[in-house]
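Here is the structure we will look at.
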There are 4 protein chains.
Amino acid sequence: MKEKITTQSIKLFEKKGFSQTSIQDIVNELEVTKGTFYYYFSSKEQLLMDIHLDYITNLLERQHRILDNENLLQKEKLSNIVRLLITDITDKGPSARVFFREVRHLTNDNIESIKEKRDQFRLNIEKTIQEGVTIGEFRAGIRTDMVTFGLLGITNWSYQWYKPDGDVSAEELADIYVDMILNGIEQ
Amino acid sequence: MKEKITTQSIKLFEKKGFSQTSIQDIVNELEVTKGTFYYYFSSKEQLLMDIHLDYITNLLERQHRILDNENLLQKEKLSNIVRLLITDITDKGPSARVFFREVRHLTNDNIESIKEKRDQFRLNIEKTIQEGVTIGEFRAGIRTDMVTFGLLGITNWSYQWYKPDGDVSAEELADIYVDMILNGIEQ
Amino acid sequence: MKEKITTQSIKLFEKKGFSQTSIQDIVNELEVTKGTFYYYFSSKEQLLMDIHLDYITNLLERQHRILDNENLLQKEKLSNIVRLLITDITDKGPSARVFFREVRHLTNDNIESIKEKRDQFRLNIEKTIQEGVTIGEFRAGIRTDMVTFGLLGITNWSYQWYKPDGDVSAEELADIYVDMILNGIEQ
Amino acid sequence: MKEKITTQSIKLFEKKGFSQTSIQDIVNELEVTKGTFYYYFSSKEQLLMDIHLDYITNLLERQHRILDNENLLQKEKLSNIVRLLITDITDKGPSARVFFREVRHLTNDNIESIKEKRDQFRLNIEKTIQEGVTIGEFRAGIRTDMVTFGLLGITNWSYQWYKPDGDVSAEELADIYVDMILNGIEQ
DNA sequence: GATGAATGAGGCTTCATTCAT
DNA sequence: TATGAATGAAGCCTCATTCAT
């Protein structure tokens, strides 16, 4: 049941936004009552926090798996992370959109905790790029922190517009962006 | 008064989000009553629409001025557009954040109208890149549409994290991103 | 202008009801502002009172003219009053409907004053019937007060359903009702 | 609770009218909160609709019981329907007044649905009169439709003025009106 | 005569939450 | 586990009215 509530919430939060979705909306389609909701979650925010935690925890874990692979070049690691993010749109898209759009509705400790993990994810990318610069894979002199934000901009923004059922597959899009990030568009 | 209400709303919408901001919140600091609000705006959404319209109209106008300049190379045009977006963060940041985050609260015709103008802005960039490809400024074979989304990802995402009072000025950040987009990060 | 406001109000009060019609609604189509309204009327109720007074005063006056005609039999007087009420539907219908439906929105003195005149109109009919009984035009033993209410029921109710552009003209309807009141429907 | 709310509303709607009665007014005397109201009714109009539906459904049902009795003459059926309407004033008066006065506040489907049932009630009476004409109980040549409206005018108007605690009982009033309708008032 | 800005009270409705069962 | 009744705070919006100009 808890699982079902979470799934349904993500669907609704994505479609209508956190504020615009009432507990009633969530339980309606599940054919249970609001009481049930409060049996499993202590508050609406708690539910949102659960969703956020699930999402970022999973993401960090998979990022770690990439970074821990010592056989990969830095650019391969980067490439895999981009791929990870983009291909996730298909099945984790809803969660991701909730994650990006609705953080604001977390308060105090919750928001701190999430921000921390988010920063960690970003800093892991920055470190990878930095390492790449150090060993000469990437151009010297680049602002690794700004570039990291740039990379995340590209990937995260995709969640806003990319439709997996268009003429570009997620794999292809990942390739396109890896190429763009590595080589730029200039002749 | 109308101006004051708009300014105050933008401030609050940015800080707390559209839903979390009540009309009461808006008028409180202005020391007028809710009635006054409704004298100037027919609804909360109408206000949001006004903000959106102001923002995108202004943006399109300035984009046109860049594109109409026939002395510029395509990459210079692109560069100028990136610069336009990034340097706007300083004084148009709040409007922009509201613009990006709260579109969802527009309904029906309003959202259509805004989406249309937004698409126009994006397609203007795409056309510029396409033109660059045609005349050999940019690499052949790139997906101009996807690259455009990538570019917008970089710039728009900046509104979420960039603080103009850090150690990187807006001008510098624009340069960094122009460089990244044109040349990539690979050695 | 005052005239125009009154006319427009009657139209709107009839269509949407007194409560559902705002001062704004009234002045909108007249292309003046609410200020103008308050220049001519001290309040919304005042306007309603004006309408009521106009209507009932006019009605009483015309009733008097009928009753004062000494050449008429009582049943002719009655007949003429029915005719007066029914044929009024065409051009006084809106006023009448406002008169019947919206009295409730008058308060205190206003409502008293109107009720008084209304009672007067009714009692005049009752007296006519009574006179008819006395002189043998009407059946002895009838409850003249109840019969009067019955007669008014027939006529006043017409305002709720009668459409002058149907297949029965106002004149004909008046005839039908005079016949019904005088002779009943039984074989 | 739902029952209590309905009863209380009818009382208030009758006294002050639908528009002039606020949800607050309704729940105040019941010593519950507005929330409770909305637990049982989805809107103020929904409540009004419930009242209307209850009233007209009950009326139609009892009318059917009269019409289905094959032992009665047409004029007895008519007489019973008049009696039904008039004697209802005592205990159904408030509902009836709400029913007659506040239909206007129903919208769209609601109003259609009620009007339909109302028409049905009227047409049933018309049919009865028509039948009476056919078999010679009633005078040939009368406009059965107009006469029906006349009859309903008499009965429905009673709800506006008749006080059951006066010197005429409901039974007596019904007799008076049946007599008036059947025989008229002329000598 | 007429306007435009502003008020303030009140109305309908939504909703997260609680709690006894 | 789950329900159903109830709460209360808050939100959006409407509107008659006032008043300086």
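Every value quoted in this text rests on a predicted model; they were computed, and no experiment measured them. Protein chains get the first letters and strands the later ones, always in sequence-line order, with residue 1 at the start of each.
- Checking E:dA16, F:dA16, E:dA6 against every side-chain atom of C:Ile23, the shortest atom distance belongs to F:dA16.
- Spacing between atom CD of C:Glu31 and atom P of E:dA2 amounts to 14 Å, rounded to whole angstrom units.
- Listed nucleotides: E:dT7, E:dT3, F:dC12. Nearest to the side chain of B:Val32: E:dT7.
- The distance between atom NE2 of B:His105 and atom P of F:dG11, rounded to the nearest whole Å, is 14 Å.
- Nucleic acid contact class of C:Thr21 (heavy atoms, under 4.0 Å, all strands): sugar-phosphate only.
- Straight-line distance from the CG atom of A:Leu30 to the C1' atom of F:dT1: 15 Å, rounded to whole Å.
- The CD1-P distance, from D:Ile26 to E:dG10, rounds to 17 Å in whole Å.
- Spacing between atom OH of A:Tyr39 and atom C1' of E:dA20 amounts to 16 Å, rounded to whole angstrom units.
- By the 30° and 60° cut-offs, the orientation of the rings of D:Phe100 relative to D:Tyr159 is perpendicular.
- Between C:Phe37 and B:Phe37, it is B:Phe37 whose nearest contact on DNA chain F lies nearer the 5' terminus.
- Of all nucleotides listed (E:dC12, F:dC15, E:dT17), E:dT17 comes nearest to the side chain of A:Lys44.
- For D:Tyr40 and F:dA6, the shortest distance from a side-chain N or O to OP1 or OP2 is below 4.0 Å.
- For the pair D:Asp25 and C:Gly35, both in contact range of DNA chain E, the more 5′-proximal nearest nucleotide belongs to C:Gly35.
- Distance from the side chain of A:Tyr38 is smallest for E:dT17 among the nucleotides E:dT17, F:dC12, F:dT18.
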| task | Check the pair C:Ser22, C:Asp25 against side chain to side chain donor-acceptor pair (under 3.5 Å), reporting the backbone distance first and the verdict last. | result | CA-CA 5 Å; C:Ser22 67; C:Asp25 290 337; 3.3 Å; yes
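- Between B:His105 and B:Lys44 the shortest side-chain heavy-atom distance does not fall below 4.5 Å.
- When both pairing distances are held under 3.5 Å, E:dA20 makes a Watson-Crick or G-U pair with F:dT3.
- At the phosphate of F:dT3, OP1 or OP2 sits under 4.0 Å from a side-chain N or O atom of A:Thr33.
- No more than 12 heavy atoms of other residues, nucleotides or ligands shown are found within 6.0 angstrom of CD on A:Glu116.
- With hydrogens and angles disregarded, no donor-acceptor distance shorter than 3.5 Å links the side chain of A:Ser113 to the backbone of A:Asp109.
- Phosphate contact (OP1/OP2 of E:dT7, side-chain N/O of B:Thr36, threshold under 4.0 Å): present.
- Separating the NZ atom of C:Lys34 from the P atom of E:dA6 is a distance of 13 Å, rounded to the nearest angstrom.
- Separating the CD1 atom of A:Ile5 from the P atom of E:dA16 is a distance of 14 Å, rounded to the nearest angstrom.
- The NZ-C1' distance, from B:Lys16 to F:dA10, rounds to 12 Å in whole Å.
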